[in-house]
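A short write-up of the structure that comes next.
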Amino acid sequence: MRIEGKSIILTGASSGIGRALVSPLVKRGAVLTIAARRGERLAEVAREAAERYPDSPPPVAVACDVTDGTAVSSLVGGAVERLGDVDVLINNAGVSAFGEEARTSVDDYRDVMEVNFYGALACMREVLPFMVRRGEGLIVNVLSVAALHGVPYLSAYCASKSALLAVSESIRAELADSGVRVMLVYPGYTDSEIFDVEKRVGGARRPPGTYAPADIVAQRIVRAIEVGSGDLFLTMRGRALSVLRGLAPPVVERAMRKIARELRCPDEPAGERGDEEGGSES
Ligand SMILES: NC(=O)c1ccc[n+]([C@@H]2O[C@H](COP(=O)([O-])OP(=O)(O)OC[C@H]3O[C@@H](n4cnc5c(N)ncnc54)[C@H](OP(=O)(O)O)[C@@H]3O)[C@@H](O)[C@H]2O)c1
């Protein structure tokens, strides 16, 4: 896909992978609408990209909480009004919760599902009628390796990402002849704010991790959009998991039990915000 001139909505653009996607997309001439809750931060991201690439259309920043259906409608409605269409939706906004399943409340599950699943679903449902009518469009759903198999101490996060995976596959099959494509992205550990702001319910500790720079992850996503490749695995570990879970489930189960044992820490307290370095493959 030639990105120049394409109307692209990107959620979760105020930090991490989303923020890192803005520059390469603007550089290529995308007509970007960027969204997240922190409006000031978003405006700064838009300003930076516009200054850096003055010959490209400046991104339009829209403060939007994806859990608010009305806000999502006006995000998409505004983009359609301004630009006539939405060519690409990048569902990137996401949150995480970390810790023992037994300490994860039903409200914790709901909070994560609201953003990662229902928020992404709402965005898709808003853009799909336009895309289907036109007979073209691309949905890029940023999932996680944790969508492929339940990972210890990430139960709510896994539930949200695997739910989004399932719906994405349903939509992809149903729209196979419509001209609308769905691309799934599976990042591994990536340097971002997600580990700082996630809900920590306690009972386990995040392992020290090696993080991919968000810029590199973003470059690869943009390249995959351009090339029109299939689903994108950003780590060997993710690709291996996708193969092994079908071919050798006991191997995957053993690995998950090992991770659970290594990270178990009954004394680990709960906390609203992360207070240590390190992360698992969110
Ligand atoms: N980092 C990793 O290791 C990793 C691995 C696999 C997958 N991922 C996925 O990658 C995506 C991006 O995450 P990240 O790692 O870049 O984390 P991040 O730096 O925390 O970015 C998350 C983005 O989502 C936005 N967001 C959160 N709740 C929102 C809401 N209710 N409405 C609108 N926007 C909301 C945040 O902006 P505001 O706070 O301003 O709303 C922020 O811009 C997520 O879907 C995540 O699950 C990350």
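Atoms within a ligand are numbered from 1 in the order they appear, just like the ligands themselves. Numbers for residues simply follow the sequence, beginning at 1. Side chains included, hydrogens not; waters and symmetry mates left out as well; all remaining heavy atoms used.
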Within the 4.0 Å heavy-atom shell around [X], which atoms of ligand 1 are there?
{"X": "Ala13", "result": "43 (O)"}
{"X": "Ala93", "result": "24 (O), 26 (N), 34 (N), 35 (C), 45 (O)"}
{"X": "Val142", "result": "9 (C), 10 (O), 11 (C), 45 (O)"}
{"X": "Ile17", "result": "10 (O), 16 (O)"}
{"X": "Asp65", "result": "30 (C), 31 (N), 32 (N)"}
{"X": "Val95", "result": "27 (C), 28 (N)"}

Per-residue contact class, [X] against ligand 1 - non-hydrogen pairs under 4.0 Å:
{"X": "Val115", "value": "side chain"}
{"X": "Ala146", "value": "neither"}
{"X": "Leu42", "value": "neither"}
{"X": "Tyr186", "value": "neither"}

Considering [options], which one's heavy-atom position lies nearest to [atom]?
{"atom": "atom 21 (O) of ligand 1", "options": "Ser14, Ser15, Gly16", "answer": "Ser15"}
{"atom": "atom 33 (C) of ligand 1", "options": "Ala35, Ala63, Cys64, Ala147", "answer": "Cys64"}
{"atom": "atom 17 (O) of ligand 1", "options": "Ser192, Gly238, Cys123", "answer": "Ser192"}
{"atom": "atom 8 (N) of ligand 1", "options": "Tyr157, Tyr189, Tyr118", "answer": "Tyr157"}
{"atom": "atom 40 (O) of ligand 1", "options": "Arg19, Glu114, Glu40, Arg38", "answer": "Arg38"}

Problem set entry | Greater than 12 external heavy atoms within 6.0 Å of Arg38's CZ | yes
For this session: Decide if atom CZ of Arg82 counts as having more than 12 heavy atoms of other residues, nucleotides or ligands within a radius under 6.0 Å.
Result: yes
For this session: Check the pair Asn116, Leu164 against side-chain contact (heavy atoms from CB on, under 4.5 Å), reporting the backbone distance first and the verdict last.
Result: CA-CA 8 Å; Asn116 296 3; Leu164 184 57; 6.0 Å; no
[X], any N or O under 3.5 Å of ligand 1 N or O:
{"X": "Thr67", "result": "no"}
{"X": "Gly18", "result": "no"}
{"X": "Pro187", "result": "no"}
{"X": "Val197", "result": "no"}

Problem set entry | Value rounded to 0.5 Å, distance of CE in Met256 from CZ in Arg245 | 10.5 Å
For this session: Just say parallel, tilted or perpendicular for the rings of Phe195 and Tyr211, cut-offs at 30° and 60°.
Result: perpendicular
Side chains of [X] and [Y], donor plus acceptor under 3.5 Å:
{"X": "Ser96", "Y": "Glu198", "value": "yes"}
{"X": "Arg52", "Y": "Ser23", "value": "yes"}
{"X": "Tyr109", "Y": "Ser160", "value": "no"}
{"X": "Asp65", "Y": "Thr67", "value": "yes"}

Exercise. Does Arg264 use its side chain to pair, donor to acceptor, with the backbone of Ala204 at less than 3.5 Å?
Worked result: no
Exercise. Between Leu148 and Gly238, which heavy-atom pair has the shortest distance, and what is it?
Worked result: CD1-O, 3.8 Å
Exercise. For Ile139, which of Ile90, Ile171, Leu128 qualifies under side-chain contact (heavy atoms from CB on, under 4.5 Å)?
Worked result: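 Per the side-chain contact (heavy atoms from CB on, under 4.5 Å) rule, the option paired with Ile139 is Leu128, out of Ile90, Ile171, Leu128.
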